[in-house]
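Below is one structure, written out as structure tokens; comments come after it.
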Amino acid sequence: MDKYGIMQITKTLEKLFQAGFNTDKKILSMKLEDLGKIPSLQANEALIIIDFKKAIKDKKIIAFLSGYEERNDRNEQI
């Protein structure tokens with residue numbers, strides 16, 4: 001079971017990009033209070049953004065989008 005559905009991620013990222021956070025650098029420099037500036041952001045969407053920011057930092061975008069993380073030469077869900 002995926003942590004987040006791809007449609008939920010897509011909708012959230014669209015809000016993030018429309019708010020001007022549309023590059024790795026801008027997302028990584030984003031502060032918690034910046035989440036309050038994103039119109040109609042729901043609590044679960046804020047969590048998606050926080051996890052997305054971590055995925056960018058850790059260079060694990062595909063793992064974030066797919067819901068899988070590689071561990072010990074095999075795939076396991078995160």
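The residues of the chain are indexed from 1 along the displayed sequence. Since the structure is predicted, the reported quantities are computational estimates derived from the model, not experimental observations. All values below come from the heavy atoms of this structure, side chains included, with hydrogens, waters and symmetry mates left out.
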- Message: In the structure I gave you, are the side-chain heavy atoms of Ser40 and Lys15 within less than 4.5 Å of one another anywhere?
- Response: yes
- The reported gap from CD in Gln18 to CG in Leu13 (rounded to nearest 0.5 angstrom) is 11.0 Å
- Taking only Lys NZ, Arg NE, NH1 and NH2, and the carboxylate oxygens of Asp or Glu, determine whether Lys31 and Asp34 approach each other closer than 4.0 Å. no
- Query: Hey, what's the ring geometry for Phe52 with Phe17, parallel, tilted or perpendicular (30° and 60° as the breaks)?
  - Reply: perpendicular
- Note on the structure: Minimal heavy-atom distance between Ile49 and Met30, with the atoms involved, is CG2-CE, 3.1 Å
- In short, Ala55 meets Phe64 closest at the heavy-atom pair CB-CB, 3.6 Å
- How long is the gap from CD1 on Ile6 to CG on Leu65, to the nearest 0.5 Å? 5.0 Å
- Item | Crowding at NZ, Lys54 (>12 non-hydrogen neighbours, <6.0 Å) | no
- Item | Straight-line distance of Leu41 CG to Thr12 OG1, nearest 0.5 Å | 7.0 Å
- Item | Donor-acceptor pair, side chain of Glu45 and main chain of Gln42, under 3.5 angstrom | yes
- Shared hydrophobic cluster, Ile62 / Met7 (ILVMFWY, side-chain heavy atoms < 4.5 Å): no
- Query: Same cluster or not: are Ile50 and Ile9 linked, directly or through other Ile, Leu, Val, Met, Phe, Trp or Tyr residues, by side-chain heavy atoms under 4.5 angstrom apart?
  - Reply: yes
- Task: Indicate whether the side chain of Tyr4 and that of Asp51 have a donor and an acceptor atom separated by less than 3.5 Å.
- Result: yes
- Could you grab the distance from atom CD of Gln8 to atom CD1 of Ile48, nearest 0.5 Å is fine? 3.5 Å
- Query: Where the side chain of Lys57 meets the backbone of Leu28, is there a donor-acceptor pair that is under 3.5 Å apart?
  - Reply: no
